[in-house]
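The structure appears right after this line, and notes come after that.
Letters A, B, ... are given to chains in the order of the sequence lines, protein chains preceding strands, and every chain is numbered from 1.
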Number of protein chains: 2
Amino acid sequence: MQFRIDNASGRPVYQQIMDQIKRDIAMGRLIKNEKLPTVRQLAGQIAINPNTIAKAYRQLEQQGIIVTKAGAGAFVANLDSSLSRSVRKKLISEELERIAVDAYHMQIDRQTLLEWFDNAVVKFNLPSKKG
Amino acid sequence: MQFRIDNASGRPVYQQIMDQIKRDIAMGRLIKNEKLPTVRQLAGQIAINPNTIAKAYRQLEQQGIIVTKAGAGAFVANLDSSLSRSVRKKLISEELERIAVDAYHMQIDRQTLLEWFDNAVVKFNLPSKKG
DNA sequence: TATTTGTACTATTTCAACTATTACAAATAT
DNA sequence: ATATTTGTAATAGTTGAAATAGTACAAATA
């Protein structure tokens with residue numbers, strides 16, 4: 001598994017780890033029950049402290065995205081969003097609105113933004129309705 | 001002008017200020033050349049340090065969203081995105097992809113996400129093509 | 001039974017965010 | 001002119017998250 005950490009991005013390393021694992025799962029590069037790198041492996045590979053990886057795994061588990069077993073390792077969990085629809089809508093819509101504001105100030109027209117949106121969404125395996 | 005600061009959100013206060021000003025402009029609540037609250041006014045109203053407001057204004061000016069004149073105040077600037085199209089596309093697309101990943105893990109289907117996207121975009125005055 | 005694995009804990013360092021205060025130059029009002 | 005208001009700059013200090021360093025422990029595995 002390949003990781004790319006950008007120390008100049010301002011984004012905390014443990015969040016970059018989380019981002020990339022979530023992204024790989026969403027793109028189908030990591031599948032259900034697949035084993036993730038061990039905490040110590042990944043810490044060695046990226047050359048950072050094991051605690052930072054542990055923090056990322058801890059939060060991913062809390063979000064229900066991976067399952068960890070002491071002694072065995074960390075594994076991709078089943079999809080199971082325990083958040084209510086209203087909470088999910090609120091979280092996603094806030095982000096979407098922030099993007100719309102940025103698009104306004106960058107003078108991006110509606111059609112172009114929709115095009116970029118489609119390009120982004122098509123990369124991931126979102127279910128279709130009733131799917 | 002009304003401001004709402006959430007100290008528990010984890011988002012820095014100066015960014016919350018920026019968010020709300022950018023949002024108000026994008027929604028047409030603040031129009032070109034309109035005067036913003038003074039640094040000291042706003043600091044008093046929100047009960048935070050003037051430096052924090054100054055930081056927000058400084059960055060908004062750097063982004064070309066407002067214009068400031070010492071002695072006069074801060075004003076809404078003309079729309080003028082100096083960023084290249086490729087840079088704008090990269091910035092926006094990265095955010096859109098992050099949302100798509102989150103939507104995947106929340107098991108949000110394509111149609112629903114598009115619907116939420118439309119709801120978000122319609123709130124702001126994005127130009128139409130050639131507009 | 002020895003090793004590997006995730007977890008927990010404490011201590012320390014680093015840095016961004018924020019506060020507090022003072023000072024200054026440009027714009028404005030009188 | 002001159003006093004006031006404005007954004008800006010600078011210094012110093014506080015707070016909290018992020019990350020490092022090291023040790024220890026219990027569960028799973030070989």
Rounded distance (Å) that lies between atom [atom2] of [N] and atom [atom1] of [X]:
{"X": "B:I46", "N": "C:dC18", "atom1": "CD1", "atom2": "C1'", "answer": "14 Å"}
{"X": "A:I5", "N": "D:dA18", "atom1": "CD1", "atom2": "P", "answer": "15 Å"}
{"X": "B:N7", "N": "C:dA17", "atom1": "CG", "atom2": "C1'", "answer": "12 Å"}
{"X": "A:L42", "N": "C:dG6", "atom1": "CG", "atom2": "C1'", "answer": "13 Å"}
{"X": "B:Q16", "N": "C:dA17", "atom1": "CD", "atom2": "P", "answer": "13 Å"}
{"X": "A:Q62", "N": "C:dT7", "atom1": "CD", "atom2": "C1'", "answer": "14 Å"}
{"X": "B:M18", "N": "C:dA17", "atom1": "CE", "atom2": "C1'", "answer": "14 Å"}
{"X": "A:I48", "N": "D:dA21", "atom1": "CD1", "atom2": "P", "answer": "11 Å"}

Check your understanding: Using purine N1 to pyrimidine N3 plus N6-O4 or O6-N4 for Watson-Crick, or N1-O2 and O6-N3 for G-U wobble, both under 3.5 Å, which nucleotide pairs with C:dT13?
Key -> D:dA18
Practice item. Go ahead and name the base partner of D:dT29; Watson-Crick or wobble counts if both distances stay under 3.5 Å, otherwise write none. Key: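 Base-paired to C:dA2.
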Spell out, as yes or no, whether a donor-acceptor pair under 3.5 Å connects the side chain of [X] to the backbone of [Y].
{"X": "A:E61", "Y": "A:A74", "answer": "no"}
{"X": "A:H105", "Y": "B:I65", "answer": "no"}
{"X": "B:E95", "Y": "A:I99", "answer": "no"}
{"X": "A:E34", "Y": "A:I31", "answer": "yes"}

Practice item. Indicate if A:M18 and A:V67 have the same hydrophobic cluster label, given that clusters are the connected sets of ILVMFWY residues with side-chain heavy-atom separations under 4.5 angstrom. Key: no
Practice item. Could you go through the side chain to side chain contact (heavy atoms under 4.5 Å, CB included) check for A:K32 and A:L79 one step at a time? Key: CA-CA 8 Å; A:K32 193 167 70 169; A:L79 270 182; over 6 Å; no
Practice item. Walk me through it: do A:T112 and A:D109 pass the test side-chain hydrogen bond (donor to acceptor under 3.5 Å, both in side chains)? Key: CA-CA 5 Å; A:T112 300; A:D109 61 77; 3.0 Å; yes
Between protein and nucleotides 2-9 of chain D, what N or O pairs are separated by less than 3.5 Å?
| from | atom 1 | to | atom 2 | distance (Å) |
| --- | --- | --- | --- | --- |
| D:dT6 | O2 | B:G71 | N | 2.9 |
| D:dG7 | OP1 | B:V39 | N | 3.4 |
| D:dG7 | OP2 | B:V39 | N | 2.9 |
| D:dG7 | O3' | B:T68 | OG1 | 3.2 |
| D:dG7 | N7 | B:R40 | NH1 | 2.9 |
| D:dG7 | O6 | B:R40 | NH2 | 2.9 |
| D:dT8 | OP1 | B:E61 | OE1 | 3.1 |
| D:dT8 | OP1 | B:T68 | OG1 | 2.6 |

Review point. Is the gap between the ring centers of B:Y104 and A:F124 under 6.0 Å?
Key: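 That pair fails the under 6.0 Å test.
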Exercise for review: Would you please confirm or rule out a distance under 4.0 Å between OP1 or OP2 of C:dA17 and any side-chain N or O of B:T52?
Suggested key: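 No, outside the criterion.
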Sub-3.5 Å pairs of nitrogen or oxygen atoms, protein against nucleotides 14-16 of chain C:
none

Exercise for review: Test salt bridge (charged side-chain N to carboxylate O under 4.0 Å, His left out) on B:R98 and B:E94 and set out the steps.
Suggested key: CA-CA 6 Å; B:R98 186 165 307 170; B:E94 280 175 356; 5.9 Å; no
